[in-house]
Chemist: 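Quick one: the structure is below, and I'll ask about it shortly.
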Amino acid sequence: MQNINYVLENSVAYVTLNRPSAMNALNFQLLCELEQVLEDIRIDSSIRAVVFRGNGEKAFSAGADLKERKTLTEAQVRRNVNKIGEVFILIDHLPQPTIAAINGIALGGGMELALACDFRVASESAILGLTETGLGIIPGAGGTQRLPRLIGESKALELILTAKRMTAQEALDYGVVTQITSADQLDNKVDTLLQSLLANAPIAIQQAKFSIKQGMNTDLHTGLAIERKAYEITLPTEDRIEALKAFAEKRKPIFKGK
Ligand code: COA
């Protein structure tokens, strides 16, 4: 793969967008490679968390590749927009918790990729925005749906209709990112978050995520039924028994994901 770096370290999948000379813009080839990596991650039960980041100092991702876009027919643009939407749905549906480590520019599809993740940690120098209306289009990879669900309708309308480019501090104030930190501390900040996730039982983490994400898109009654079903999955696990044993023995549990 030329456009994606993928490494697995200590049960964490690190997926790096790797087109730094183009601000990690999302061309069709990159999207196909990303799709392949996500398919692998989705079914790998040894992976307990996933981190997305951008290669280089400047960008997480500057979104759709506007140079490529200029060469495409309307039908090819439709193909690309469908692909990016599908790939971000794959991210959204990953069973493992996902973190976007936003090391710089996250515009258009770059911000939409981050919105498909569970957590967004940004460096203080990051710039974020759904800038599409300034380009004669609209966010087409989930932005008009995920942003209002995250920060509310009015703030999402404001950000999308004005195509605002936010500083990291503004993104924190709007509730778009969960944490900001200096650029040199970004990896540490992400690592701290990872450690707090990895300390807990993997099946419980995945079922809690499933319950929240499925439940958010339905009514309370249905959501509560989803929660009950998800709880059932945790009941027969060895990790649940181990947690009770560890509590009685006044020690930390050792979870195996079983
Ligand atoms: N698609 C393709 N190439 C892109 C790109 C994009 N979305 N964004 C940046 N690049 C390329 C530039 O064309 C330039 O390439 P070049 O050196 O061959 O000319 C290189 O990345 C560096 O960008 P440059 O504009 O020179 O850097 P900058 O620091 O002045 O500005 C941005 C960076 C990201 C703020 C600016 O390029 C920009 O606004 N890009 C468009 C982002 C956007 O609106 N994305 C939403 C798409 S829907």
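Residues take their numbers from the sequence shown, with the count starting at 1.
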Chemist: Quickly, which of Leu197, Leu198, Val190, Ile47 forms a side-chain contact (heavy atoms from CB on, under 4.5 Å) with Val12? Name it, please.
Modeler: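 Looking at Leu197, Leu198, Val190, Ile47, the match for Val12 under the side-chain contact (heavy atoms from CB on, under 4.5 Å) is Leu198.
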Chemist: Could you tell me which non-hydrogen atom of Ser11 sits nearest to which non-hydrogen atom of Ser46, and how far apart they are?
Modeler: CB-O, 3.5 Å
Chemist: Less than 4.5 Å apart, side chain to side chain, heavy atoms only: is that true for Ile205 and Phe255?
Modeler: no
Chemist: List, by chain and number, the other hydrophobic cluster members for Leu135, where Ile, Leu, Val, Met, Phe, Trp and Tyr join if side-chain heavy atoms come within less than 4.5 Å, directly or indirectly.
Modeler: Leu66, Ile137
Chemist: So which pairs with a foot in residues 130-150 pass salt bridge (Lys or Arg N to Asp or Glu O under 4.0 Å), sequence neighbours left out?
Modeler: Asp92-Arg146
Chemist: Same cluster or not: are Val51 and Met1 linked, directly or through other Ile, Leu, Val, Met, Phe, Trp or Tyr residues, by side-chain heavy atoms under 4.5 angstrom apart?
Modeler: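 Result: no, two separate clusters.
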Chemist: For Arg19, give me all partners under side chain to side chain contact (heavy atoms under 4.5 Å, CB included), at least two apart in sequence or on another chain.
Modeler: Asn3, Ala22, Asn24, Ala25, Asn27, Leu30, Asp65
Chemist: Please name the pair of heavy atoms, one in Ile180 and one in Val177, separated by the smallest distance, quoted to 0.1 Å.
Modeler: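 The answer is CG2-CG2, 3.8 Å.
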Chemist: Between the side chains of Arg42 and Glu39, is the shortest nitrogen-to-carboxylate-oxygen separation below 4.0 Å, so that they form an ion pair?
Modeler: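 Yes, Glu39 and Arg42 are salt-bridged.
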Chemist: Identify whether Val37 and Tyr14 are in the same connected component of the hydrophobic contact network (ILVMFWY, side-chain heavy atoms under 4.5 Å).
Modeler: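 No.
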Chemist: Please check if the side chain of Glu68 supplies one atom and the backbone of Phe28 the other of a donor-acceptor pair under 3.5 Å.
Modeler: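 Yes, the answer is positive, given that a donor and an acceptor are paired below the 3.5 Å cut-off.
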Chemist: CD1 of Ile254 to NZ of Lys245: how many Å apart, nearest 0.5 Å?
Modeler: 9.0 Å
Chemist: Would Val50 and Ile99 count as a side chain to side chain contact (heavy atoms under 4.5 Å, CB included) here? Give the steps.
Modeler: CA-CA 6 Å; Val50 188; Ile99 302 172; over 6 Å; no
Chemist: Can you tell me which residue pairs pass the salt bridge (Lys or Arg N to Asp or Glu O under 4.0 Å) test with a partner in residues 186-196, sequence neighbours excluded?
Modeler: none
Chemist: Consider only side-chain heavy atoms of I, L, V, M, F, W and Y, link residues closer than 4.5 Å, and tell whether Leu26 and Leu94 are in one cluster.
Modeler: yes
Chemist: Residues sharing Ile203's hydrophobic cluster, by side-chain heavy-atom contacts under 4.5 Å among ILVMFWY, directly or via others?
Modeler: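 Cluster partners of Ile203: Ile233.
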Chemist: Name all residues meeting the salt bridge (charged side-chain N to carboxylate O under 4.0 Å, His left out) criterion together with Arg79; count only those two or more places apart in sequence or in a different chain, and write none if there are none.
Modeler: none
Chemist: Determine the minimum heavy-atom distance between Ser211 and Ile226, stating which atoms define it.
Modeler: CA-CG2, 4.0 Å
Chemist: Can you tell me how far the CZ atom of Phe210 sits from the NE2 atom of His93, to the nearest 0.5 Å?
Modeler: 9.5 Å
Chemist: Going by the rule side chain to side chain contact (heavy atoms under 4.5 Å, CB included), which residues pair with Asp118 if we only count those two or more places apart in sequence or in a different chain?
Modeler: Pro97, Thr98, Lys209, Lys213
Chemist: Which heavy atom of Gln96 sits nearest a heavy atom of Ile41, and at what distance?
Modeler: NE2-O, 3.0 Å
Chemist: Is the count of non-hydrogen atoms from other residues, nucleotides or ligands lying under 6.0 Å from Asn10 atom CG greater than 12?
Modeler: no
Chemist: Count I, L, V, M, F, W, Y as connected when their side-chain heavy atoms are under 4.5 Å apart, and connections chain through other members. Are Leu186 and Val15 then in the same cluster?
Modeler: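 No, no single cluster joins them.
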Chemist: Report, one line per pair, each donor and acceptor closer than 3.5 Å where one atom sits in a side chain of residues 153-163; sequence neighbours left out.
Modeler:
from   : atom 1 : to     : atom 2 : distance (Å)
Glu158 : OE2    : Tyr174 : OH     : 2.6
Thr162 : OG1    : Glu158 : O      : 2.6
Thr162 : OG1    : Lys164 : N      : 3.4

Chemist: Run the side-chain hydrogen bond (donor to acceptor under 3.5 Å, both in side chains) check on Thr178 and Arg120 step by step: do they pass?
Modeler: CA-CA 5 Å; Thr178 37; Arg120 284 155 293 283; 5.9 Å; no
Chemist: Determine, using the 4.5 Å side-chain heavy-atom cutoff (strictly less than), whether Tyr6 and Val87 are members of one ILVMFWY cluster.
Modeler: yes
Chemist: Could you tell me if the side chain of Asp239 sits less than 4.5 Å from the side chain of Pro253, heavy atoms only?
Modeler: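 No, their side chains stay 4.5 Å or more apart.
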Chemist: Could you list the residues that satisfy side chain to side chain contact (heavy atoms under 4.5 Å, CB included) with Glu74, not counting sequence neighbours?
Modeler: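 Only Arg78 meet the side chain to side chain contact (heavy atoms under 4.5 Å, CB included) criterion with Glu74.
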Chemist: Verify, without hydrogens or angle tests, whether Gln76 (side chain) and Thr73 (backbone) share a donor-acceptor contact under 3.5 angstrom.
Modeler: yes
Chemist: Heavy atoms only: give me the nearest Phe60-Phe52 pair and the separation to one decimal.
Modeler: CE1-O, 3.5 Å
Chemist: Mind checking whether Thr218 and Gln214 have side chains closer than 4.5 Å, heavy atoms only?
Modeler: no
Chemist: Checking Leu90 against Glu86 for the side chain to side chain contact (heavy atoms under 4.5 Å, CB included) test, could you report, in this order, the C-alpha distance in whole Å, the side-chain angles of both residues, the deciding distance, and whether it holds?
Modeler: CA-CA 6 Å; Leu90 278 177; Glu86 285 162 11; over 6 Å; no
Chemist: Using the test side chain to side chain contact (heavy atoms under 4.5 Å, CB included), find all partners of Asn18 that sit at least two apart in sequence or belong to another chain.
Modeler: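 Expected list: Asn5, Pro20, Asn55.
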Chemist: Side-chain polar contacts of residues 100-115 - donor-acceptor pairs under 3.5 angstrom, sequence neighbours left out - could you list them?
Modeler:
from   : atom 1 : to     : atom 2 : distance (Å)
Asn103 : ND2    : Gly54  : O      : 3.0
Asn103 : ND2    : Gly56  : O      : 3.1
Asn103 : ND2    : Ala59  : O      : 3.2
Glu112 : OE2    : Gly140 : N      : 3.4
Glu112 : OE2    : Ala141 : N      : 2.8
Glu112 : OE2    : Gly142 : N      : 3.4
Glu112 : OE2    : Gly143 : N      : 2.8

Chemist: Between Arg251 and Glu242, does any NZ, NE, NH1 or NH2 come within less than 4.0 Å of an OD or OE carboxylate oxygen?
Modeler: yes
Chemist: Who pairs with Thr237 by side-chain hydrogen bond (donor to acceptor under 3.5 Å, both in side chains), at least two apart in sequence or on another chain?
Modeler: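 Thr237: no side-chain hydrogen bond (donor to acceptor under 3.5 Å, both in side chains) contacts found.
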Chemist: If you count every heavy atom of other residues, nucleotides or ligands that lies below 6.0 Å from Glu249 atom CD, does the total exceed 12?
Modeler: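 Yes, CD of Glu249 has more than 12 neighbouring heavy atoms, counting only those of other groups under 6.0 Å.
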